[in-house]
There are 2 protein chains.
Amino acid sequence: MKNLSKRTAQRLVRCYYLAREARALGVEFITSSKVALLLGVDETQIRKDMASVNLEGVPRKGYPVEEIINRLEEVFGLKKDRNAVLVGAGNLGRALLNYPGFLRYGVRIVGAFDKDPQKYGREVGGVWVYPVEELKEKAKTLEACLGIIAVPPREAQGVADILVEAGVEGIWNFSPALIRVPAHIALRNECLESGLVMLLHEMEVIKKSLAGS
Amino acid sequence: MKNLSKRTAQRLVRCYYLAREARALGVEFITSSKVALLLGVDETQIRKDMASVNLEGVPRKGYPVEEIINRLEEVFGLKKDRNAVLVGAGNLGRALLNYPGFLRYGVRIVGAFDKDPQKYGREVGGVWVYPVEELKEKAKTLEACLGIIAVPPREAQGVADILVEAGVEGIWNFSPALIRVPAHIALRNECLESGLVMLLHEMEVIKKSLAGS
DNA sequence: TAGATTGTTAATCGATTAACAATC
DNA sequence: TAGATTGTTAATCGATTAACAATC
C-alpha cells in the first residue's frame, strides 16, 4: 500500500465514520455514490480512495461496511492501545480530559500536567494532574506515545521539546503557536482560532457572492 | 481580488498569526523565506499568497507586518463584531464558553442552549444557558450570525437545521456528524475525533518508514 | 554598485474528474 | 439478460515549484 495523501486520509476518516454509522443501523453495503454525496465529492474519488487501501466493492451492491471498518482501523492504527499525556489543565485541557470520545480510538489520557499549583495535585476527569516540572520523567514512566498540548502559545514550543525528549511519537497541538518538531515526530495543529478565522472568511466570501449575483 | 483557495486561506491565517507575533516583538518587516520556513512550504508560495490579497513587499526588506495584519483582518472579516450562539453545554461546550480567544476575532458567544434541565437555567463562562426549545427564537432576538454545535452526533443535523432557520450565516460543527446545510451557509467541521485519527495515521506512517529504512 | 529579496512567467507535479469497460 | 455499480485509464484542472527578471 502506497502512503495515503492527506486529502485521501481525511476522506477515509469520514468513510470510517459513515461505515460505523451504517453498521449501527444494520446496513451491510454502502455505495460510492452515497458516500460521495455525503462528503461532497465526486464518486470516482471515493472508489479511488477505497482502492488505495485495497478495499474492494461488489458491483450492484457497493462496499462491505464491516470490511471498511476493519481495514481502516488497521490502516489508521486504531487497533492499538496508546497512552497520552496532556499538558495544560486550563479550560480546554479540562474539556479534553473529560472527553470520553478518544477511548474509542484506543487513546487513553494517563496523566495531565500544569505549572499552576492551584491546578496540579488533584484529579480531573479521572486523571491525575502533576506539576509540569515532572513532565519529562512522568511521560516516560507512564509510557506515553502521544502528547497533547493545551497551554498558552508562548509555552507551546518548550512543552513540545520536552515531550520529544520524553520520547512521544506524536504531538497534538491545540495552541495557535506554530511549533517545530523533528521529522520523525507526527504533529497535528488543531488550533481552534484558525478554524474560526477560516469559517469567518467563508462567511465573507458567501456574503459577497450573494451580493454580487 | 479573486476568491482564495482553501489552502491559500489556511496559509494566510498562519501568516496573520506570525505577523501579530512579529508586531508584538516590534518587528516591522518579515520575509517570505522566514514565513515559508515556519510554515514548511516553498517561499515562492508565500509571495504568491501575499500577492493574492494585494500585499506588496519591499525588495531586501520583506513584507510590512502592520500592513499584513490590516489587510488580512479586512480579507477575513475580522473587523466586524459578530454574535454567536452555542448549542450543547457539555464538556466541550463549556470549554468553548470559557475560552476567551474568540473575542479577539470579534466573535462573542451571547447565548448557550442545552436540552438537559440540569444544564440550562444558569450561567457558564458569563453566558446564560437556555433550554434548547428556545433556540430558534432566541438566536433571532440575540442576532446571532454564527452557530456553534457541540452536541452528540445524533442531534447535530437537527440543531443545524434550526440554526439555519434562525438565519445564521455560518455553522461551526464540533460533532463528528457529517451535517448538510444549504449552499449559502458557511460550514466548518472541527471534529476532534477525526483530527486524532489523522494524527494516529501519521504516527503509523512514520513508524513504518523508520522501520523500513 | 552589489546583493538580497520581491514578483511573475513557465514548467512540473499531483489531485480530481470524465469516459467507459468489467462485473455481478 | 439488463442494469447498476465497481474499477481503471486517460484527460483535465489546479496547486506547487523552478527559473529568472525587476527592484530597492
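Predicted model only: the values in this text are computed from it and were never measured. Convention: sequence-line order gives letters A, B, ...; per-chain numbering from 1.
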Crowded around Glu56(B) CD? As in, over 12 foreign heavy atoms under 6.0 Å?
no
For DNA chain C, find the residues of residues 57-65 of chain A with a heavy-atom distance under 4.0 Å and give them by number; none if there aren't any.
Pro59(A), Arg60(A)
5'-most by nearest nucleotide on DNA chain D - Glu56(A) or Val41(B)
Glu56(A)
Distance from Leu146(A) atom CG to Met203(B) atom CE, nearest 0.5 Å?
5.0 Å
Pull out every stem in DNA chain D, meaning runs of 3 or more consecutive Watson-Crick or G-U wobble pairs with both distances under 3.5 Å.
C:3-24 with D:3-24
According to the interplanar angle, ranging from 0 to 90°, do the rings of Tyr16(A) and Tyr105(A) count as parallel (below 30°), tilted (30 to 60°) or perpendicular (above 60°)?
tilted
Under 4.0 angstrom, heavy atoms only, what part of the nucleic acid is Ser32(A) near: base, sugar-phosphate, or nothing?
sugar-phosphate
Arg11(B), Arg14(B), Arg71(B), Arg7(B) screened by salt bridge (charged side-chain N to carboxylate O under 4.0 Å, His left out) with Asp49(B), the one that passes
Arg11(B)
5' to 3' contact window, DNA chain D with chain A (heavy-atom distance under 4.0 Å):
dG3(D) to dA10(D)
Interatomic distance, Lys61(B) atom NZ to Ile30(B) atom CD1 [nearest 0.5 angstrom]:
15.0 Å
Non-hydrogen side-chain atoms of Tyr99(A) and Glu193(B) separated by less than 4.5 Å
yes
Heavy atoms under 4.0 Å, any strand shown: does Ser5(B) hit a base, just sugar-phosphate, or nothing?
sugar-phosphate
Classify the nucleic acid contact of Thr44(A) as base, sugar-phosphate or nothing, counting any heavy atom under 4.0 Å across all strands shown.
base
Between Glu204(B) and Lys80(A), is there a salt bridge with N-O shorter than 4.0 Å?
yes
For Asn70(B) and Glu74(B), run side-chain hydrogen bond (donor to acceptor under 3.5 Å, both in side chains): C-alpha distance rounded to whole Å, both residues' side-chain angles, the deciding distance at 0.1 Å, then the answer.
CA-CA 6 Å; Asn70(B) 269 313; Glu74(B) 201 179 295; over 6 Å; no
Check this for me, if you would: do Lys207(B) and Glu169(A) make a salt bridge, where the nitrogen-to-carboxylate-oxygen distance has to be below 4.0 angstrom?
yes
Which residue lies toward the 5' end of DNA chain C, Thr8(A) or Arg47(B), if each is placed at its nearest nucleotide?
Arg47(B)
For the pair Asp114(B) (side chain) and Asp116(B) (backbone), establish whether a donor and an acceptor sit closer than 3.5 Å, ignoring hydrogens and angles.
yes
Lys/Arg N to Asp/Glu carboxylate O, Glu155(A) vs Lys115(A), below 4.0 Å
yes
